[in-house]
Amino acid sequence: MFASAQLQAIICTSRVGQAERFYSDVLMLPLKARSLGALVYDVGGTVLRVSPVPSSRPSEHTVLGFAVANIDRIVTELQERGVPLERFPAFPHDQLGVVRAPDGSKVAWFRDPDGNLLSAVQYPES
């Protein structure tokens, strides 16, 4: 039924101004539009809606992930922009805060202003 639909991702924010600075200025996502109070971004052809809500709570699990080509560069840029990485006791993190999985994947987690847990992941080359 939805196989030919265009997927869109939705993240909720109770801090629209801070969210806009984070997604536009820190993550450098192109803002396409504003729709019903939501910030609408283009992320590699997928629509990301950052939608306003009256209140929000930090997420315990990842709500959005970005597949990237060079995670070490991305993590370094995030840290230079003042974005701290999340470290989880159950995972071994390298010096940069990246977890290197047995299959060759590399992942790092960080939070947006509302505490939504986001990830950057670099998959092994096939």
If every non-hydrogen atom of [X] is compared with every non-hydrogen atom of [Y], which pair is closest and at what distance?
X   : Y    : answer
C12 : N116 : O-ND2, 3.1 Å
I10 : S51  : CG2-OG, 3.8 Å
G45 : Q6   : O-NE2, 3.2 Å
P52 : L36  : CG-O, 4.3 Å
A38 : R49  : CB-NH2, 3.5 Å
Q95 : R87  : O-NH2, 3.3 Å

Determine whether [X] and [Y] make a side-chain contact, defined as any pair of heavy atoms from C-beta on separated by less than 4.5 Å.
X    : Y    : answer
F22  : V83  : yes
V40  : R34  : no
L96  : Q79  : yes
F66  : V43  : yes
S105 : P124 : yes
N70  : D72  : yes
V47  : D42  : no
L117 : E86  : yes

Under a 3.5 Å cutoff, is there a donor and acceptor pairing between the side chains of D112 and T13?
no
How about S119 and T62: does a side-chain donor come under 3.5 Å of a side-chain acceptor?
no
How would you list all residue pairs meeting ring-ring contact (aromatic ring centres under 6.0 Å, His included) that involve residues 95-116, not counting sequence neighbours?
F88-W109, F91-W109
Cluster link L118 to V99, ILVMFWY, side chain under 4.5 Å:
no
Indicate if L48 and V26 have the same hydrophobic cluster label, given that clusters are the connected sets of ILVMFWY residues with side-chain heavy-atom separations under 4.5 angstrom.
yes
Taking everything shown except Y123 itself, do over 12 heavy atoms lie less than 6.0 Å from its OH?
no
Charged N to carboxylate O below 4.0 Å: is that the case for E20 and R15?
no
side-chain hydrogen bond (donor to acceptor under 3.5 Å, both in side chains) partners of residues 24-33, not counting sequence neighbours, each pair once
S24-Y41
Which residue is it: I74, V75, I71, D94? I am looking for the one with a side chain to side chain contact (heavy atoms under 4.5 Å, CB included) to K106.
I71
Report yes or no: does R100 contribute a side-chain atom to a donor-acceptor pair with the main-chain N or O of P92 at less than 3.5 Å?
no
Please lay out, stage by stage, how S14 and S56 fare under the test side-chain hydrogen bond (donor to acceptor under 3.5 Å, both in side chains).
CA-CA 6 Å; S14 60; S56 62; 3.3 Å; yes
